Each structure stands twice: as structure tokens, then as C-alpha cells.
Amino acid sequence: MTRAADVIVVGAGPAGAATAILLAEHGLAVTVLERVRRARPKICGEYLSPEAGRVLDRLGALKAVDAGGAVALAGMRITAPDGTVLTGRYGAVGGFRPYREHAIGVSRATLDGALLDRVRALPVDLREGVRVTDVVVEDGRVVGVLGADAGGARVEARARVVVAADGRASAVAHALGCRHPHPLARMALVTYVAGVPDCRDVGEIFVDPPDYAILNPLAPDRVNLSLVVPLAHAVPWRSRLEDFFAARVKHLPHLARRLAEARRVAPLQSMAPLAHAVPWCSRLEDFFAARVKHLPHLARRLAEARRVAPLQSMAPLAYRVTLPREGGVLFVGDAAGFYDPFTGEGIFTALRSAELAADTLVAALRAGDVSAAALAAYGRARRAAFADKERATRALQALIGRRRLANLAARCLAARPRVLDALLGVIGDYVPPRALPRLLVS
């Protein structure tokens, strides 16, 4: 007889896989529902802060990530609008020391694959090819999920708790009415380039308000290039892809009839442009090429480079997710909300939130209480872990959004390298933001 699941985890990305691993190691019966059947490329900066290595080590995946070609990034090089260049290094500062004195550049396929291998090595019921579309709520508590398998057959799975780890488009968060727009409306354009000279051991950030760009080396001749721009600036260039989407839906008559009374409630997102969509993506390609030229220091850095992958886009980047009123459910990773990728907190936040969720769930399940009040401990733990970093990120956004302020800050930091290293420690998740004022004074 199959043991009933204690926890259903929806999604097997970093947050979901990490949650499943930690819960299974505590002896809980875990079912993981993942809509695709193998790790795949995703729109992502593919940067892991130094502290992410600690969580990967705890999960038993760090060696596999290193062996899979991860690049050690000793620091960050930041170029201000006026050309001032800052280079900070990860290392001990003010009594704080990173788990390893480098960040990690690694493809999502490699990272997700290493974590999934750990899931498969444990007594976890991993069901791939299952798309979750709704939740089952009884007496004010989420008791399961509904969905469909790869063949279209209906799937219903039940457990004492559901963990939503299904990313920024979380079906669970949507079903519970917890996902909301954010006023920071930005768009990320992501691709890969080769031939960037000496782009090996540090990440590179180019600030030129209102845009910024990041170069993240992943292999000897493969660099992740992310360009983040105001969504309003890109909207006119996205129209052809919107037209393609609308036209393509009409080519599926049964879908078109099903959607006859429906309305769009979110912007269109694209992953990789395939053969039928390529002609419609040309305006976004034109926008990307033009925008790179508007960042002159980035344009010079890419003068000898060549694109080696299609352009991908994602917008809007930021969104808010409120705590559910129902018991029996938690959100981890991007399903719990996202602000901005400038400080590279995405994957570390996913892994750390999995740790916090596992701690809360183990205690709640052992106590036999998975009510919203009992699971509120997770929300408090998240605020304690991330609120200060979120405030620091907002302050940085305000700084880099103003050209004169960005230039002034860069010149001040260039004259104070230890202050830059302390700031990099905050970005790298091993220096508490509240310690920054003390370090600045000292």
C-alpha cells in the first residue's frame, strides 16, 4: 500500500527540489509534481551568490554543480555611467566570511539537473509531465491540487500540505488570488554571447540609467548577457510578438472557442523564439540591438563578441505575492514573489526559502497543525531572512536609477575599496545589511 503524501511540492526547480530534499531527509512522504520531464534552459541570470554554495552543500548537490562546469566568480566588476570601474572581491570583511570566497556562474540545466538527481536518490515520488492548474480547498485549508498529465488525463493529488514552488507564473498563487502587480515595471532581455575578452573570473555589471546589463561567464566561451530596461520603453517593440500570439490562437479553433469569453490578465512572456515565431520577434531583436548601443561601455565590451543563442524576454520582472488566507499551503522561490535581479538574489532566495519552509513544515506536521496560523511562522522567518536585503536592493535601485547619483557613488566607492567589499558582501548574502552602517564607519 502506497503511503499517503505528507507534502505535495508543485515544481522541481531549485526551490521545489530543495524543499523536497530537506523534507524527505526528515522522513516525510513527499510527492513532487513537475510539468516537464527533464531539466531545461530557463530565462535566468544563472548567478549564485557565495552563500548559495552553503545550501547546495547541505543538499548534497554542490560537488555535482562544480563538476558540471560551474565557474568560480571571485567578485564583481561594476562600470558606472561615466566609465568609473569598480572591482570588488568576495572575502572576509568585518568579521563576516562567505561559505566559499566566490560566487558561482552555472547554467540552469546543470543546476536543476544536479538537484533533480538528489531528489531521485531519495524516497520521493517524483511525477514528471504533470501540469498543476488548480488547488483543492476544504474547510479553509488547501488539501491537494488538480492538473493534467502529459497525455491530458486529469490528475488529482492530495496531501496534508501543498508547497507552491512553480515559479513566477505559479498556478497555485493564481488560484488562491495571491499574485499582484508591482509598480517596478521592468523587462529582462537575455541571451548568450561568445568572444568577450577576459570575461572569466568576475561578473560584470554596466549601469546606465534607466538600464543596466550583466555579463555572467558560464564557460570559457559562453557568457550570459542580461539587459534590464523599463517595460514602457520596450512595449512598442513587442507588438509583433503580441500579434503573433493573437494570430496563432486563431489557428487553434477549439482553443479560440474555449477562450471566446476570456480576457488576458497578464503581459505576454516568451521563452526561446522557434521557427514559426522568429519573423514576429524581429522588432524585439531590433530593440535589443539598439538598446545595447545606448550603453556605450557595454557596447565597447561586446565589440568583438557574437551572439550564440536566441534572444529571450521576460516582463514584468517584479510582482508581489501575499500570504494565503488558507492553511495547508506555502509559497517558496519565485512563487513567493520577485523584485529585481540586480543583486542576483533569485536562486539564493529560492534555496534559503526552501530551508525556512522545511523547518516550518517539519514542526507543523509533527504538531499536527497546518492551519494558516501555524504556518505563519514561515512568513515571519522569511521577513527576518529577506526584509533587510530587500530594503538594501530598493536603495540600490534608487541609486542606480539616477545618473548623477550613480556616478557619485561609484567615485566614492572607488576611493574606498573596503567599503565596496562590504557592499559586495551584502549582495553576496554573507554580510547582514544591518551591519553595513557599522562597517562603513569602521
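What you are looking at is a predicted structure, and each value in this text was computed from that prediction instead of being measured.
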With Val163 as partner, the option from Val10, Leu361, Ile8 fulfilling side chain to side chain contact (heavy atoms under 4.5 Å, CB included) is Leu361
Side-chain donor/acceptor of Asn216 to backbone N/O of Gly45, under 3.5 Å: yes
Side chain to side chain donor-acceptor pair (under 3.5 Å) pairs, two or more places apart, involving residues 403-412: Asp82-Arg411, Asp208-Arg403
When you measure from the side chain of Arg141 to the backbone of Arg160, do you find a donor-acceptor pair of N or O atoms at a distance under 3.5 Å? yes
Do Arg306 and Asp221 sit within salt-bridge range, that is, some charged N less than 4.0 Å from a carboxylate O? yes
Is there a donor-acceptor pair under 3.5 Å between the side chain of Glu51 and the backbone N or O of Asp429? no
Contact between Glu101 and Tyr430 at the side-chain level, heavy atoms closer than 4.5 Å - yes or no? no
Below 4.0 angstrom, N of the basic side chain to O of the carboxylate: do Glu25 and Arg58 qualify? no
Contact between Pro310 and Glu285 at the side-chain level, heavy atoms closer than 4.5 Å - yes or no? no
Separation between CZ of Arg300 and CG of Leu302, rounded to the nearest 0.5 Å: 11.5 Å
Look only at the side chain of Ser170 and the backbone of Asp166, and say whether a donor-acceptor pair between them is shorter than 3.5 Å. no
Determine yes or no for a side-chain-to-main-chain donor-acceptor pair under 3.5 angstrom, with Thr79 supplying the side chain and Val85 the backbone. no
Residues Leu439, Val431; criterion side chain to side chain contact (heavy atoms under 4.5 Å, CB included); working and verdict: CA-CA 10 Å; Leu439 296 175; Val431 172; 3.7 Å; yes
Taking the side chain from Thr360 and the backbone from Leu375, do they hold a donor-acceptor pair closer than 3.5 Å? no
Shortest non-hydrogen contact between Leu356 and Ala381, atoms and distance: CD1-O, 3.8 Å
Does Lys42 come within less than 4.0 Å of Glu46, counting only side-chain N to carboxylate O? no
Using every non-hydrogen atom in the two residues, find where Gly105 and Leu218 come nearest and quote the distance to one decimal. C-CD2, 3.7 Å
Under a 4.5 Å cut-off applied to non-hydrogen side-chain atoms, are Ser353 and Phe386 in contact? yes
I'd like to know if Asp198 pairs up with Arg77 as an ion pair, taking the criterion as any Lys NZ or Arg NE/NH1/NH2 lying under 4.0 Å from an Asp or Glu carboxylate oxygen. no
Rounded distance (nearest 0.5 Å) linking atom CZ of Arg383 with atom CG of Leu323: 6.5 Å
Please lay out, stage by stage, how Val362 and Leu23 fare under the test side chain to side chain contact (heavy atoms under 4.5 Å, CB included). CA-CA 7 Å; Val362 168; Leu23 294 175; 4.1 Å; yes
Polar side chain donor-acceptor pair, Arg291 to His294, under 3.5 angstrom: no
Rounded distance [0.5 Å steps], CG in Leu317 versus OH in Tyr339: 11.5 Å
Evaluate the side-chain proximity of Ile214 to Tyr47: yes if any heavy-atom separation is below 4.5 Å, no if none is. no
Hey, is the main chain of Leu28 close enough, under 3.5 Å, to the side chain of His26 for a donor-acceptor pair? no
For a quick test of reading the model, state the closest non-hydrogen atom pair linking Ala171 to Val132 and the distance between them. CB-O, 3.3 Å
List the steps and the verdict of side chain to side chain contact (heavy atoms under 4.5 Å, CB included) for Leu225 and Tyr192. CA-CA 6 Å; Leu225 166 59; Tyr192 297 88; over 6 Å; no
Check Arg418 with Asp421, please: is the shortest side-chain N to carboxylate O separation under 4.0 Å? yes
Answer whether the closest heavy-atom distance between the side chains of Pro316 and His182 falls below 4.5 Å. no
Sort out for me which residue in Leu284, Ile43, Leu189 forms a side chain to side chain contact (heavy atoms under 4.5 Å, CB included) with Gln312. Ile43
Rounded to the nearest 0.5 angstrom, the CZ-CZ distance for Arg352 and Arg54 is 5.5 Å
Side chain proximity check, Pro217 to Leu73, heavy atoms < 4.5 angstrom: yes
My understanding is that only one of Arg394, Arg434, Arg382 makes a salt bridge (Lys or Arg N to Asp or Glu O under 4.0 Å) with Asp388; could you say which? Arg434
Backbone N/O of Phe331 and side chain of Tyr378: donor-acceptor pair under 3.5 Å: yes
For Leu115 and Ile21, which heavy atoms make the closest approach, and how far apart are they? O-CD1, 3.9 Å
Can you find a pair of side-chain heavy atoms, one from Val419 and one from Leu413, that are under 4.5 Å apart? yes
Evaluate the criterion side chain to side chain contact (heavy atoms under 4.5 Å, CB included) for residue pair Leu111 and Cys44; output intermediate values, then yes/no. CA-CA 12 Å; Leu111 173 65; Cys44 182; over 6 Å; no
Output yes when Asp117 and Arg120 qualify as a salt bridge under the 4.0 Å nitrogen-oxygen rule, no when they do not. yes
Test the Arg168-Tyr319 pair against the cation-pi criterion, namely NZ or CZ under 6.0 angstrom from the six-membered ring centroid and within 45° of the ring axis. no
Nearest heavy-atom approach of Ala219 to Val71 is N-CG2, 3.8 Å
When rounded to the nearest 0.5 angstrom, what distance separates CG in Leu215 from CZ in Phe206? 5.0 Å
Do side-chain atoms of His297 reach the backbone of Pro81 as a donor and acceptor pair under 3.5 angstrom? yes
First locate atom CG of Leu56, then atom CG of Leu62, and finally report the distance between them rounded to the nearest 0.5 Å. 6.0 Å
Without swapping roles, check the side chain of His180 against the backbone of Cys178 for a donor-acceptor pair under 3.5 Å. yes
